[in-house]
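As structure tokens, the structure follows; a few thoughts come after it.
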Amino acid sequence: EAPSEPRSGRSAALRARMEERLLGARFRYLNQQLYTGSSQDAARLFRADPAAFHLYHRGFERQVRRWPERPVQRIVRYLRRRPASLVVADFGCGDCTLAASVKNKVHCFDLVPLSPRVTVCDMAKVPLVAESVDVAVFCLALMGTNLQEILGEANRVLKLGGTLMVAEVASRFEDTHAFLKAMTQLGFRTVSKDLSSSYFYVLEFAKTGPARPGPAPGLRLRPCLYKRR
Ligand code: SAH
């Protein structure tokens with residue numbers, strides 16, 4: 001800070017800095033809650049406090065802006081290579097960047113509407129009939145601890161042979177091999193995996209049939225906790 005800065009300017013700058021810190025702390029706290037609770041807990045949290053959701057999204061935007069590429073752009077590129085007639089479901093759509101970037105019909109699901117396109121619901125229970133979509137997308141959205149239930153819902157709404165796209169933070173994968181093996185039990189065959197980025201993985205699956213019940217022990221992702229900066 002310039003020593004000649006007037007006192008009022010200095011205190012405004014100090015206040016802005018403290019507000020930033022507070023927002024950062026609240027973001028990290030909310031983020032931790034989302035990754036350590038079930039999707040139903042997340043739904044309750046944001047229903048009770050929609051302001052928390054907007055704060056979460058500001059924090060999320062700030063994090064992702066630092067990355068060399070936004071994962072959602074990878075999904076956009078993927079969809080543009082495939083027929084625009086494919087029907088898509090975007091689980092945890094955020095600001096609906098995906099729907100706004102492709103010609104496909106995209107069903108957008110999130111807990112609070114950041115855009116009028118959003119259907120508000122818990123991603124573990126979306127208002128779509130069984131086997132009605134061609135592509136299901138989870139882009140940085142596999143947050144709840146009830147992963148099996150969430151991916152089971154994607155399986156339910158996907159047509160046989162339909163595509164499941166997952167983009168997730170690389171450091172969340174404890175054991176990628178075990179994760180992919182568990183996915184076969186959930187009725188998904190691995191079509192391609194791009195593990196080349198140190199920021200995020202992009203996995204493409206095809207639905208082989210309904211999810212088989214019973215535990216899928218390899219289906220684990222570490223919470224994505226952001227460090228204080
Ligand atoms: N896919 C978007 C947003 C990722 S942030 C993108 O890539 O830009 C993760 C999103 O998942 C957030 O918008 C969050 O609100 C949403 N989400 C988390 N838990 C959810 C749940 N149980 N049901 C629906 N959406 C959920």
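Here the structure is a predicted model, which is why all the values come from computation and not from measurement. Whatever order the structure lists them in is the order used to number ligands and atoms, beginning at 1.
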Taking the side chain from Asp194 and the backbone from Tyr201, do they hold a donor-acceptor pair closer than 3.5 Å? no

Are there more than 12 heavy atoms of other residues, nucleotides or ligands under 6.0 Å from atom NZ of Lys181? no

Geometric class of the Phe46/Phe53 ring pair [parallel <30°, tilted 30-60°, perpendicular >60°]: perpendicular

Ring-plane angle category for Trp67 and Tyr199, please: parallel below 30°, perpendicular beyond 60°, tilted otherwise. tilted

Applying a heavy-atom cut-off of 4.0 Å, say which part of Cys121 lies close to ligand 1: side chain, backbone, both or neither. backbone

Under 3.5 Å between any N/O of Asp90 and any N/O of ligand 1: does that happen in this structure? no

Determine, for Arg220 against Glu174, whether the closest basic-nitrogen to carboxylate-oxygen distance falls under 4.0 angstrom. yes

Is there a donor-acceptor pair closer than 3.5 Å between any side-chain N or O of Asp90 and the backbone N or O of Ala99? no

Could you establish whether Ser38 and ligand 1 come within less than 4.0 Å of each other, counting only heavy atoms on the residue side? no

Nearest-neighbour protein heavy atom for atom 9 (C) of ligand 1, which is reported as residue plus atom name and distance: Leu140 O, 3.4 Å

Any heavy atom of Phe91 under 4.0 Å from ligand 1? The part involved is neither

Basic-acidic side-chain contact under 4.0 Å: Asp122, Lys125: no

Closest non-hydrogen protein atom to atom 8 (O) of ligand 1, residue and atom name please, with distance? Arg70 NH2, 3.6 Å

Consider ligand 1: state whether an atom of it lies below 4.0 angstrom from any non-hydrogen atom of Asp110. yes

Which atoms from ligand 1 have a heavy atom of Gly94 less than 4.0 Å away? 3 (C), 13 (O)

Counting only heavy atoms, which portion of Gln40 has something under 4.0 Å from ligand 1: side chain, backbone, both, or neither? neither

Side-chain donor-acceptor contact under 3.5 Å, Ser38 with Asn146: no

Sub-3.5 Å N/O-N/O distance, Ala43 and ligand 1: no

Between Arg58 and Glu61, is there a salt bridge with N-O shorter than 4.0 Å? no

Applying salt bridge (Lys or Arg N to Asp or Glu O under 4.0 Å) to Arg77 and Glu69, what does each step give before you reach the verdict? CA-CA 12 Å; Arg77 285 216 303 274; Glu69 184 187 21; 2.9 Å; yes

Val106, Val126, Leu128 screened by side chain to side chain contact (heavy atoms under 4.5 Å, CB included) with Val133, the one that passes: Leu128

Which residue owns the protein heavy atom closest to atom 3 (C) of ligand 1, what's the atom, and how far is it? Gly92 O, 3.5 Å

Contact check: Asp122 vs ligand 1, nitrogen or oxygen atoms, below 3.5 angstrom: yes

Output yes when Glu204 and Arg189 qualify as a salt bridge under the 4.0 Å nitrogen-oxygen rule, no when they do not. no

Short version for Met143: what comes under 4.0 Å of ligand 1, heavy atoms counted, is side chain

Report yes or no: does a heavy atom of Thr97 sit under 4.0 Å from some atom of ligand 1? no

Give the numbers and elements of all ligand 1 atoms closer than 4.0 Å to a heavy atom of Ser39. 22 (N)

Protein residue, atom and distance nearest to atom 6 (C) of ligand 1, heavy-atom basis: Cys139 O, 4.0 Å

Looking only at distances, can you tell me whether any N or O atom of Met123, backbone or side chain, sits closer than 3.5 Å to an N or O atom of ligand 1? yes

Audit row: Glu153, Gln148, side chain to side chain donor-acceptor pair (under 3.5 Å) steps and yes/no: CA-CA 9 Å; Glu153 182 66 346; Gln148 191 163 357; over 6 Å; no

Among all protein heavy atoms in this structure, tell me which lies nearest to atom 19 (N) of ligand 1, with the distance rounded to 0.1 Å. Leu111 CD1, 3.8 Å

Does Cys93 reach ligand 1, in the sense of a heavy atom lying below 4.0 Å from it? yes

Considering the heavy atoms of Phe53, write down every atom of ligand 1 situated less than 4.0 Å from one of them. 15 (O)

With a cutoff of 4.0 Å, is Phe138 in contact with ligand 1, counting heavy atoms of the residue only? no

